[in-house]
Amino acid sequence: MFAKNITRRHSLRYHRNADVNITNLMDVMMVLLVVFMVAAPLMTSGIALDLPKVGGKAMEGEETSINISVDKEGYYYIGETEIPADKVVAKLNALKEANSALSVTISGDTGAEYGRVIGLMAILKEAGFDKVGLKTEPKPLNQRKK
């Protein structure tokens, strides 16, 4: 009778489930994916501008570029920080000391005065910045072939 109890006790033992349940992991990953998809467009640095839409291709190169924005009121920005016109060159010279291959890109709002954008280009040229470009957005495909 004692031997029967031992064998019976072994047969009632529970076996561990060796399967990996990744349902909870997938739920968390999907939530993170959605959060990053929503947050990614909001993480662009700078101010909101309505850039001119023209043809052309993107600039190529491995050097780093700093973006200066000119809004429709004519104020200059580096990132989201407003920079007075007389301090732009000093700020860029400090950045150029850290990286000698620095190029400057100007993003001018379509409502910005033409003279403010060209004036900024002249200031940068006089300060010795040879790599200065203008940032635009490509035309929509339906408007390109007219």
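Every value quoted in this text rests on a predicted model; they were computed, and no experiment measured them.
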* Asked: Glu97: what forms a side chain to side chain contact (heavy atoms under 4.5 Å, CB included) with it, not counting sequence neighbours?
  -> none
* About how many Å separate NZ of Lys135 and OG of Ser69, when rounded to the nearest 0.5 Å? -> 7.5 Å
* To do: State which residues pass side chain to side chain contact (heavy atoms under 4.5 Å, CB included) with Lys87; sequence neighbours excluded, sorted by chain then number.
  => Ile83, Pro84
* Asked: Which atom pair, heavy atoms only, marks the closest approach of Tyr75 to Glu82?
  -> CD2-OE2, 3.2 Å
Indicate every side-chain donor-acceptor pair of residues 115-129 with a distance under 3.5 Å to a residue at least two apart or in another chain.
unit_1, atom_1, unit_2, atom_2, d
Arg116, NE, Gly74, O, 2.9
Arg116, NH2, Gly74, O, 2.5

* Nearest 0.5 Å, what's the CG-OH distance between Asp86 and Tyr76? -> 10.5 Å
* OG-CG distance between Ser107 and Asp71, expressed to the nearest 0.5 angstrom -> 11.5 Å
* Asked: Quick check: are there more than 12 heavy atoms from other residues, nucleotides or ligands sitting under 6.0 Å from CD of Glu113?
  -> no
* **Contacts of Asn24 that satisfy side chain to side chain donor-acceptor pair (under 3.5 Å) - sequence neighbours left out** => none
* To do: Kindly check if the number of other-residue, nucleotide or ligand heavy atoms within 6.0 Å of NZ (Lys91) is above 12?
  => no
* **Cluster link Val35 to Leu25, ILVMFWY, side chain under 4.5 Å** => no
* Asked: Roughly how far, to the nearest 0.5 Å, is the CD1 atom of Ile78 from the CG atom of Leu95?
  -> 6.5 Å
